[in-house]
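Here the structure is laid out as structure tokens; the discussion comes afterwards.
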Amino acid sequence: RCGGSIDLSFERLAMTWPGPSRRPLFAAWRSSIWVFVAHFAADVHSAAAATADNPPVGAEVLSRVVGIEPGANDALTKALYTDPNCSNSPRWSVWLARMQEAPDRAIFVGQEIAHELGSAFGGNALPAMLDPEDPCMLGAATVVFMLVFAAWLDGRFLLALSTFAALHDQFLTHMHPHFYDLNGWPLRDPEIRSLKDNLLFNVRKFRSLAIGRTMSSQALSDDPMERENFGEFVKHWERQTRQQERRIHTCSEATEFVPAWELIPAYALAPFGMDEATVGSSAGPSKSSLPKVFVYDESLPGLGELVQGPAFCHNRQWGMDVGFHDFFRTSPIRTFDPHEADFFFVPAYAMCLQVAGILDLNDIREAFKSLVLQLPYFARTRGRDHIFSLHYVDLFADWRELAPLSIFLTPETEVGWEASREDFALDVASHPPFDSFKDISVPCFMGLNHVLRLHRAAKPVRERRLVAAFAGKQWDDVREASDVRSLVLDRLGNKPGVAVVLGRSVKELLTPDAMATLLGDARFCLVPRGRAAWSVRFFETLWSGCVPVLLSDHYEVPFEALFDVSQFVIKWPVSRIDDSLYEYLAGLPLEVVEDYVRAARRFRCWYLYPPAEASWLGNAGMRQELEEVEEELCPNLSSSRNAFQAVSELLKMRTRTSKTAMGSTFYRPAADVEPGR
């Protein structure tokens, strides 16, 4: 059911692709999927016992997080809250009963439902599934889930991936996991996670086979299924290679930045050795010079509790917790041999679990405590080679005791939680939640549609009417945030050419379009401290074409070890938010401002994450959006140039040959060792 319950490892299968003789690879693949189906069918019986009439536990939380009020939106939303099992629908209630009565045939029932619905809508079942006249959101999501398995069983991996993308992006991203976990439809988060894990594993495998075959001049066969499954991976790699070649050939200090350590796309995408791995070296690093990361999976008891709802959690500011989990699972630097690993990644979506009410802070604390004590490779270095992605590190409340040497990937570099410094039980100066010698400051997640919105609203520097601008929330409950933002309003808000929009409630905040227009019309964008040291406004400024002015003394900009951030960021002390700041900004020549903006363009793509591979590889709309960003702004975003690759480079710099820890690791030659050995 979870994690290791199904093995679709291609190492166990034939590694060749025969002609039309029905491909033993896919025969073994189909056989192995039934292991999953057997576990899945057993859960349908328990699902049938779930209540049909009570709104899901997640309803209140979804209303708070996503902004959908029960009964206040469309018919689908209303039915999701009031009748999640669709008992008022003659059709959907019958279909649910059929799935519950024959759990071993649930996949085929799903196909039959889709065929019946599609027949009434010209062959397209999705509009029929979302018919507001007969709404059943959970039923539709379950049918799409079954269609993923149907495509997989037929050997059509790309179709399975595309169908999963529809489920992931059109349904689950907007749906709190309690909706489907606590109702009667055979749709459960552990099964969704396990399916995604296997899809991502095979993305890595198919991509490697496709690129490897193409690079060795082996043409794809005439088998249409092979061409379908391999073709998109080949086209993507070829597109990425052309993009990097253009960047290198047009590279200049003014327009482009291709660091010597950047991987060539093939090596960034596929786990096989290359003679040339980086753009800056004719020899390139050997395969062993890149870090090797072992990813803990749900075969480890308790880990599943910390990775609930990945689809719901991936698309928000804390989505990089899910993103790093997905990246390390598909990346060439992943290793399945813990004994050769340089690092061990421990996945957890703690911030999302807390905000969404899936787990409370005490639940998260106990889950981390239990998990760390079970990590099989943690003790050999006291966790100094273990990586946690945490939006705020104090979500792992006992880290100072249990994992003080571990590496934290976090956007926050001052406090461990959204609270005033005096509210912490520990003095954050004496017990800092961020250690620049071991931890890595990372960007928050930002959707590509928002990036494009900001970019397209950005005016040329010389056409901007405002000297400086800021818009954001007051945050009265965090003293440092309230103080610095009040200073910005009081000391700068009435200056000529300065626009400050400070709201105390969500209703007083600017819309995304209005925010893009404001930032795109200012030469400088003020970035005061938010609820914590970091603020999403910093990353927005990079795409709005204004110079970020950081007003957060204890914030460390991500990737300072890789780039000279002083080339495109102004950092100003909070104690001097006064006339001197305004006079300095207003007096800077436009040529200097343009230099800063050009520098930001050279580096900013490293602060952006590509969309989830479970989405863009199978979602045509998401893929088009990604291609627009790569065409207009960031070539190679989906391969060699993004925040994931920047973190990988920093990990490479921190790789240790000795697997030791002070005070707990001792070593000596064995008593019977031969001289010279």
Side-chain angles (χ1 to χ4, degrees), residues 61 64-65 67 316-321 350-357 360-362 364-365 390-397 399-400 408 410-434 439 441-446 469-493 500-510 515 525-541 548-558 571-578 581:
V61 178
R64 174 163 53 89
V65 174
R316 292 163 174 80
Q317 286 185 11
W318 50 82
M320 75 281 179
D321 292 344
M351 185 68 183
C352 180
L353 297 179
Q354 188 273 330
V355 173
D360 62 27
L361 288 174
N362 189 61
I364 294 171
R365 177 177 190 166
L390 289 165
H391 197 76
Y392 293 110
V393 298
D394 282 341
L395 286 161
F396 178 5
W399 71 266
R400 292 176 178 85
F408 296 122
T410 178
E412 177 50 36
T413 62
E414 180 184 8
V415 293
W417 182 244
E418 296 177 331
S420 298
R421 290 168 66 101
E422 62 263 26
D423 293 336
F424 286 90
L426 293 171
D427 175 13
V428 294
S430 302
H431 302 273
F434 182 83
D439 302 325
S441 173
V442 299
C444 67
F445 174 83
M446 187 182 299
F470 170 70
K473 201 167 184 293
Q474 176 70 32
W475 301 124
D476 290 321
D477 59 327
V478 178
R479 182 181 61 79
E480 290 84 359
S482 180
D483 287 352
V484 68
R485 295 188 174 207
S486 295
L487 280 174
V488 169
L489 179 63
D490 296 341
R491 305 281 179 85
L492 302 175
V500 177
V501 181
L502 198 59
R504 293 185 180 276
S505 69
V506 174
K507 294 180 180 179
E508 296 175 340
L509 301 182
L510 296 182
M515 176 70 76
C525 290
L526 307 176
V527 187
R529 186 193 193 278
R531 294 182 63 80
W534 80 280
S535 169
V536 68
R537 207 68 67 238
F538 170 76
F539 302 102
E540 290 176 330
T541 66
V549 180
L550 274 176
L551 304 171
S552 182
D553 294 353
H554 301 285
Y555 178 56
E556 179 174 305
V557 176
K571 191 171 185 180
W572 193 269
V574 170
S575 61
R576 292 184 58 198
I577 300 177
D578 51 30
L581 173 57

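Judged by distance alone, the side chain of Asp439 and the main-chain N or O of Phe408 form a donor-acceptor pair under 3.5 Å. No donor-acceptor pair closer than 3.5 Å links the side chain of Glu480 to the backbone N or O of Ala532. A distance-only check finds no donor-acceptor pair linking the side chain of Arg504 to the backbone of Trp475 [under 3.5 Å]. Side chain of Thr410 to backbone of Leu390: a donor-acceptor contact under 3.5 angstrom is found. For Ser420 (side chain) and Glu422 (main-chain N/O), no donor-acceptor pair under 3.5 Å exists by modelled atom type. Remark: side-chain polar atoms of Ser552 are not paired, donor with acceptor, to backbone N or O of Pro528 under 3.5 angstrom. At least one donor-acceptor pair under 3.5 Å links the side chain of Ser441 to the backbone N or O of Glu556.
When all heavy atoms are compared, the tightest approach of Leu551 to Val484 is O-CG2, 3.8 Å. Leu550 approaches Phe538 most closely through the heavy-atom pair CD2-CD1, 4.1 Å. Here the closest non-hydrogen pair linking Gly319 and Phe445 is N-CB, 3.9 Å. Annotation for Ala471 and Leu510: closest pair CB-CD1, 3.6 Å, computed over non-hydrogen atoms.
Classification of Lys473 and Glu508 as a salt-bridged pair fails, no side-chain N sitting under 4.0 Å from a carboxylate O.
In this structure, the salt bridge (Lys or Arg N to Asp or Glu O under 4.0 Å) partners of Glu418, at least two apart in sequence or on a different chain, are Arg531. Partners of Gln474 according to the side-chain hydrogen bond (donor to acceptor under 3.5 Å, both in side chains) rule, which considers only residues two or more places apart in sequence or in another chain, are Ser482, Ser486. For Asp394, the side-chain hydrogen bond (donor to acceptor under 3.5 Å, both in side chains) partners are Trp399, Arg400, not counting sequence neighbours.
Ring geometry, Phe539 versus Trp534: the interplanar angle falls from 30° to 60°, so the pair is classed tilted.
Contact check for Arg529 versus Glu414: side-chain heavy atoms found under the 4.5 Å cut-off.
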